[in-house]
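See structure below.
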Protein chains: 2
Amino acid sequence: MSPEAKVPQPSESLADSLMAPAGSADRIMAVAYELFSQRGVRDVGVNELIERSGVAKATFYRHFPSKDSLVLAFLEQRDRQWTMDMILSEARRRGSTPTAQLLAVFDVFGEWFLREDFEACSFVRVLLEMGPAHPLGQASIAYLDKIRGHVQAVAEEAGLVRPDEFARSLLVLMKGSVVQAAEGDMLAAGRAQQMAGWLVEHHRA
Amino acid sequence: MSPEAKVPQPSESLADSLMAPAGSADRIMAVAYELFSQRGVRDVGVNELIERSGVAKATFYRHFPSKDSLVLAFLEQRDRQWTMDMILSEARRRGSTPTAQLLAVFDVFGEWFLREDFEACSFVRVLLEMGPAHPLGQASIAYLDKIRGHVQAVAEEAGLVRPDEFARSLLVLMKGSVVQAAEGDMLAAGRAQQMAGWLVEHHRA
DNA sequence: GGGGGAAGACAGACTGGTCTTCCCCGCGGT
DNA sequence: ACCGCGGGGAAGACCAGTCTGTCTTCCCCC
C-alpha cells in the first residue's frame, strides 16, 4: 500500500540538472504518465516503459519495486496534475460564485473531450480494468471519492442543502459524460451541464 | 468485422442433445458469458475457457477462429440476454406508460446493482479496456448506440420533444450510475432516476 | 474406415522481475 | 596532479510464467 515510489525532490545540485535531461525517476514517471493516460495501465508493459524513457531495467526497479507501485505513483500524480490542476482549480477560476464553479466543471470537461489525446478518466479506467477488489482498483476508488469530497465542499460553500447527496449525483453526471465522450459523443458535457443545472436548482435552500 | 462466430443453432437431433450436456460451442459460450461478464475479457484466457468448458483446444478453435471472435459473439449474446431481456423488456413490463417505462429502467438498474455478481456494463468495460479504435471497442460502441436507439424509440412513444437529445442525456445518466455503482454507491440508480425525472419533465411537449 | 473430439505438446511472442557485465564519473588519498 | 576506488546507470541476458494459436496423437462412435 505504501507507494515507496518516491519522486525524487528537486534537491539536486544545479550543475547536474543542467546537463542531465532529468532524474531517472522523473523521466520514467513522465513516460508512464503519458502512456498510462492514453492507453491504460494494462496495455503498457515495463519493457516499453524503460525503452521509451531510455533507462535500464535495473534502474527502473531501483526506483519502483514493482510495476504496480509505479501505477500507484501514476494515480497519485494524476490526482495532482489532472484532478486538482486541470479540472478543479480551473473550474474554480472560471466561476465567480461557488454555484457557477460547480457548473463550470462541465465547461472544462467539454474542452477536455475535444482534445485528440482524450482517453477517458484514468481512475474509472483502472477501476474497470483491475476490478474493485484489486489494490489499484481500491486506490482509484479512493481518488474518485476524493473528487467527490471536493465537490461536496464547494456545494457547502454554495449553501446547497444535502451537499453529500448533491455531490454523489453530480459525480454520476461527471462519470456519465466522460464515458459518453469516450464513445464519441463530444456534446456529452453540455447535456450533463444542463442536468447539473436542474440538480443545483433542486438543492437550493 | 464479420463475426464468423456462429453460435450453432439448436438444430441438432434430439438424440445427441439428450446425452451430451450441450453442444461444444454452447458450452464455450456459456462459460465465456459468465467469465467475461464478471472479470472482463482481458482477464480471461483461452486456456481457462477450454478448461472450464471441458473442451479441447482444437475444438475451441474450430468453433471460434480466434479469441476476438468469441468476444464478438459474447457481446452479441450480451445484447440479446442482458440489454434486451434483462433490462429493456423488464423496464417495459414494469411501466404502464412509455414515460413510466423510461424511469423504470433505473428501478431495474437498482436491483441489478445489488446482485453480488454485478460487475459493471460489459460494453463500457470492453470499450475502456480495448479503446475505441479496436474492433471490439467499435462493436461495444455499436451496441451502446443500439441501446440509445431503443431509448429514443420509447421517448418517441411517450411524445417527448427532441427524443434524440433526450436519449443521449438519459444514457449519460445510465452510464454514470453504472460506473458509480461499480465504485460501491448502491444508491446510484435512485439518484439517476431523480435526474431522469427532471429530464422527462423538461422534454414534455 | 473415417470424422469429431479430448488431451496435450509445441511454437513464438510477450509478461514482470532478477542478475550480471561493463562503463563512466566523481570522490578521496597521497 | 594523479591514481584508484566505488557507486550509479546502461545494456541486456536470463527466468519462469503467461498469452494466443497450431499441430499431433489417440480414442470412440457412427
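In what follows, every chain begins at residue 1, and chains take the letters A, B, ... in the order their sequences are listed. Note that these values count all heavy atoms, side chains included, but never hydrogens, waters or copies made by symmetry.
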Could you tell me whether the side chain of [Y] reaches within less than 4.5 Å of the side chain of [X], counting heavy atoms only?
X: B/R168; Y: B/V151; value: no
X: A/K146; Y: A/D79; value: yes
X: A/L114; Y: A/M186; value: yes

Under the ring pair (Phe, Tyr, Trp, His ring centres under 6.0 Å) rule, what pairs show up with a residue in residues 36-57 of chain A, not counting sequence neighbours?
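Listed by first then second residue: A/F36-A/F74.
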Taking ring pair (Phe, Tyr, Trp, His ring centres under 6.0 Å) as the cut-off, I'd like each qualifying pair that reaches into residues 165-199 of chain A, sequence neighbours left out, listed once.
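Every ring pair (Phe, Tyr, Trp, His ring centres under 6.0 Å) pair that includes a residue of residues 165-199 of chain A, provided the two are not neighbours, is A/F166-A/H203, A/W198-B/H202.
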For A/I28 and D/dG8, what is the distance between atoms CD1 and C1' respectively, to the nearest whole Å?
13 Å
At under 4.0 Å between heavy atoms, which parts of nucleotides 5-21 of chain C does protein reach? Answer with one letter per nucleotide, 5' to 3': B base, S sugar-phosphate only, - none.
SBBB------SSBBB--
